[in-house]
**Q** 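Right, I'll just put the structure down here and ask away after.
We use all heavy atoms of the structure for the numbers below, so side chains are in, but hydrogens, waters and symmetry mates are not. Each chain gets a letter, A, B and so on, in the order its sequence line appears, and its residues count up from 1.
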Amino acid sequence: MSKGPSRIAEFIKKALFLDFVKGLSITLKYNVSRSITLKYPDEEKWVPDRRFRGQHTLNKDENGRELCVACELCVKVCPTKCITVIPMEDDTGRGIADRVAKVWKVELARCMFCGYCEDACPTRAVRLGRDYELACLDLSCTTREKDELLKPQSIPDTIQGGFVVRSSFERTPEGIRVVPDLRMQKKRNI
Amino acid sequence: MPDLATLLEILIIVVKVSVISGILFSLPLPLTWIERKVAGHIQVRLGPWRVGPHGVLQPFADMVKLLIKEDIVPERADKFLFKLAPLLSMIPAFLVFVAIPFGEKFAIPFVGKEITLYLSDMNVGILYILAIGGLGIYGMILGGWASNSKYSLLGGLRSSAQMISYEVSMSFAAIGVVMLTNSLNLLEMVRSQSGSFLDWNIFYLPVGPVWFVIFIIAALAEINRIPFDLPEDEGTLAAGFHTEYSGMRFSFFMLAEYVAMVTVSVLTVIMFFGGWNPPLDISIFHLVPPIFWFLGKVILFIYFFMWLRFTLPRYRYDQLMTIGWKVLIPLSLVNILVTGLMII
Amino acid sequence: MSGPDVATFFSPGDFLAILPEMVIAGMACVILMVDLVVPRTKRWVVPALSVLSVAAAAWFSWNLAGSGVSAFSGMFVLDGYAAFFKLIFYIVAVFAVFVSIRYIKTEEIDLGEYYVLMLFSLSGMMIMASGSDLLTIYLGLELASLPVYALVGFLQKSRKSNEAAMKYVILGAFSSAILLYGISLIYGLTGTTQLAAISAALETGAVSGPLFTLAVIMLVAGFGFKVAGFPFHMWAPDAYEGAPTPITAFMAAGPKAAAFAVIMRVFLEGLFPAYDNWQMAIAAVAVGSMVVGNITAIMQTSIKRMLAFSSVGHAGYALLGLVAGSEEGIASVMFYLLVYAFMNLGIFGIIIMMRRDSQSGDQISHYAGLAKSNRLTALAMLVFLFSLAGIPPTAGFVAKFYVFMALIHKGMIGLAVVAALMSAVAAYYYIRIVMLMYMREPEKEFLLASSRGILCVLIIALAAVVALGVYPLTYKPRPARRSAVGQERNEMERWYP
Amino acid sequence: MEKLFFLMFAAVAIASGLAVVTARNPVHSALALIVCLIQVAALFVLLRSPFLAAVQIFIYVGAVMVLFLFVVLILDMRKAVLQAFPPVKKRFVVGVILVLMAQILAFVFVTPMGLSPAGGWEPTVESIGRMLFTKYLFPFEVVSVILLAALVAAIVIAKERR
């Protein structure tokens, strides 16, 4: 009893292409639904959350002194050995202690953004920031020196993140860049 | 010296030919764009976006890329056939349009001269289309063979086997329509379907829809579109018969494929959906020129094929053969019988 | 939608006329299906059904014989001539089935399709014999030969069989093409494919010239292939040797006789007004066949090859009757073919009996000393060989005698002399086997694969060969009428059977 | 005009027919045969039989030759063919063919083509169908029996036994 009618039902289903119709209706629904693709970099850009692990940044304290004490713990803990730190004596008040980094260099091509350096850092000097447009045309830009890392990143820490902003795509003689307009924020379901 | 009227006739034919071939040559430009857009949106993506507004200039960029690409002929290839194959694939696809009508007549404004919207009113039209359309396969077989590459050869073999298997049921479907409309002539076919949409062959119950399904499946297999694009199955055969082709020669194959898709859409509309007849026999609908009804339906079908392409997975090769020989052909035979009985 | 009324083209009576053919072709389909359901233990059903259907067809033919009906707007005739040839075909088919039953078990090719293909071929031969339109004749020819191509290659495991089938198919297709060219030229020249109409067109004398000669040459070549006449006989030895022996027997007697039926109808009914055009060509083929067939046969060591060449020679003799072009000639050829069918099936029956287990019986040397152990078999073989050689009082002698008489009555004494000389040559290799059988000591014990079927065939064939040799069918020659075309056929009807 | 076309098609047909025989590569031969068949189809058009032309292309070019190529490609006969036919005699063969062809052509031109075979009916699809089922019913049915027999024969030959 169980087999007969179900087989007939199966046949009718096949003959009327019901499965096809089902599949087609699903794809049609998607066809008319909104696309989830961002129009990045032309019009939209994704602002990551704070927990995002992008390019490194070196923090300063509220007095503008470097937090890094060149303890080299980040160098030790780095699994890819991409960080180079050379300490030096400096009591001019550049850092919070009299030991500062003469060189603080990260090779982004080798870094895997695991965030161990963050954890290891006793002074919370090194943080993985929110810049993620790291592509470049030659190898020189794969290493970031201390000077660059000390500059604040394009998205200030005050912004929560996790939304899409309107952006513009700019071609300059130095290269291309995507300038986000942080005022126009919108949530997006992904 | 022929008189003026003859010259004018010849001129009209020349113009018509050049218009049609011009349209056909430029057809892949919008079609590739549309196809990629449809693909994108069905996959909840955007599709081409960056070249021009909404990426409309993308096909032109592609064209430029194809034109300036290096033309590679493999060292051990059969050079002559390798170069001939893309043309063999393309020319029949164009020749088919000699017999395809786009409408009845069209009066040129201000001049008062009527011109017909077809090149040739062949009394064996459908047969001609099936016959010539079938020739395109040689481009694939010979191209696949001449490339001297395993993938290409397998692609060529697959396409020939596929074509032989499905040509039969496609012809049966054509025969079915011929039985329904009582003519091999495409114009007659359309004329016999005039009236409301209930007069269309697709609604000739119960056989019409069956013929339609048979025709669509067979046609999909004939023009190598998903779900039957085994000859260029990138999962197993690199790019199938055109693996070794690059540049313009490759684009000829693409051109042929798109033209074939248009042909099938046009044929479907003519054979099953009343050609340029409006869906309802009311005066408002007759205000719209018939050619627009025709083009509208054709575009719907082109969309349908694209829609199918991004919905269905590819069939396995043995499934393809099973569908062809064990389902479609017996079904066509039974359906011919039923059609015959209905006509009597 | 107006057109000629269907009734002008055929009537229900026309379907009655092709009833025997319909029975055979229809039964072939039935047997094809029966074969699927018959259990392995009851395989005898298939050959039995085949024989029954041939018998049924024969019964219908007997009732229809001589009605002289022309059916399907002159494409098919039922005259005495056709009936006589159909009789030959029925005999050949039944005999072939009988001798096959045990053989195909030995060779492990016991498939129902074997008989089905034979029946299809038979229906083709029947259509050939009755065809009175080049179109029907050609189609009958194809229907008769296509199944035989497959039957020749039926021994899948044997390379020889496959090769033979291959050669036969290719050369057969080639000859069909030549024949078709000839037919299309005739159609182009006369505007018709109906033999009577062709003859009428030729009568007017409007059709002549080199193109017509070309057409005739092509027809001769095309038919020459089918009867395996020189120089179109190349396929015959290989095909005869490679084929399963019952099929060799069938081929040598059935389709060949059908081809003769067609040749005589085409040349004597359709192209008779152009007698002078084709007479020399046919005569050349005939003489060539006799000379080459008989002389090459001497050198053979395989008995099947030898019989193949001998059949080429016999085709030459039979063609001589056509060369004579008289009613007497026609009658002699018909008689010749009937006799040839009997003696051929008889001798192949014995060859089939020699095939058992590992014993092949294909070589002439295998027959050494047969008479010591199997006296009766050897005696039968002796009679058949004497008949093939044309030694009285066997039927073979009478058949040859009639052909020679027909030639002499037409004043073609030269041809008759050549034919007689070649008979003497032929006697050498036939009698050599007799000598082997009676004079040599056997090399090893003979195990004959006899069966009721083969014995039956042998007895009937033996009886026929002797009886026809002692009491030949006779006919009374009348002055030939060369003028009226239709009359030629009527004359034939009056005499045979 | 028509004669010109005839000569053109006929010449190409003959040339491609020759190419079928002389081409050493079976694929090239097949291609030449396709060309030849298309030319013949064109001749049918000249003879006012578009139906036959379409059928010729449909069946011979579209189906038979595709199957043919399929088999040729699978068999990879290139080496086998080159071994079987040493290329030395090619010129001789071509010569013989040319002579024979010239003879036939001469015959064709010398002999007056007599009675017109066309019985005054239009070679349309309808009339062809009507003819097939009235005047030529018997041959038509015989053809179906032939096809059945050929089918049985082919299956028997090709089938793996046991």
**Q** Could you list which of residues 135-143 of chain B have a heavy atom closer than 4.5 Å to any heavy atom of chain D, in residue-number order?
**A**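 If one takes a 4.5 Å heavy-atom cut-off, the residues of residues 135-143 of chain B near chain D are B:Leu135, B:Ile137, B:Tyr138, B:Ile141, B:Leu142.
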**Q** Going by atom type alone, with no hydrogens or angles, which donor-acceptor pairs under 3.5 Å involve a side-chain atom of residues 57-73 of chain D and a protein atom two or more places apart or on another chain?
**A**
none

**Q** Considering all heavy atoms of both residues, which atom of B:Ala131 and which atom of D:Ala54 are nearest to each other, and what is their separation?
**A**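 Shortest heavy-atom separation between B:Ala131 and D:Ala54 comes out as CB-O, 3.7 Å.
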**Q** Measuring heavy-atom distances to chain D, does B:Ala146 have an atom under 4.5 Å in its side chain, in its backbone, in both, or in neither?
**A**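 No part of B:Ala146 comes within 4.5 Å of chain D.
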**Q** If a pair satisfies salt bridge (charged side-chain N to carboxylate O under 4.0 Å, His left out) and one of its residues is in residues 317-329 of chain B, list it, with sequence neighbours excluded.
**A**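 Every pair satisfying salt bridge (charged side-chain N to carboxylate O under 4.0 Å, His left out) with a residue in residues 317-329 of chain B: B:Arg316-B:Asp318.
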**Q** Is it the backbone or the side chain of B:Ile164 that comes under 4.5 Å from a heavy atom of chain D, or both, or neither?
**A**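 Only the side chain of B:Ile164 comes within 4.5 Å of chain D.
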**Q** Could you pull out all donor-acceptor pairs under 3.5 Å where a side-chain atom in residues 79-95 of chain B meets a protein atom, sequence neighbours excluded?
**A**
residue, atom, partner, partner atom, Å
B:Lys79, NZ, B:Glu75, O, 3.1

**Q** Could you check which of B:Ser160, B:Gly156, B:Gly134 has the highest count of heavy-atom pairs closer than 4.5 Å to chain D?
**A**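 Looking at each of B:Ser160, B:Gly156, B:Gly134 in turn, B:Ser160 comes out on top.
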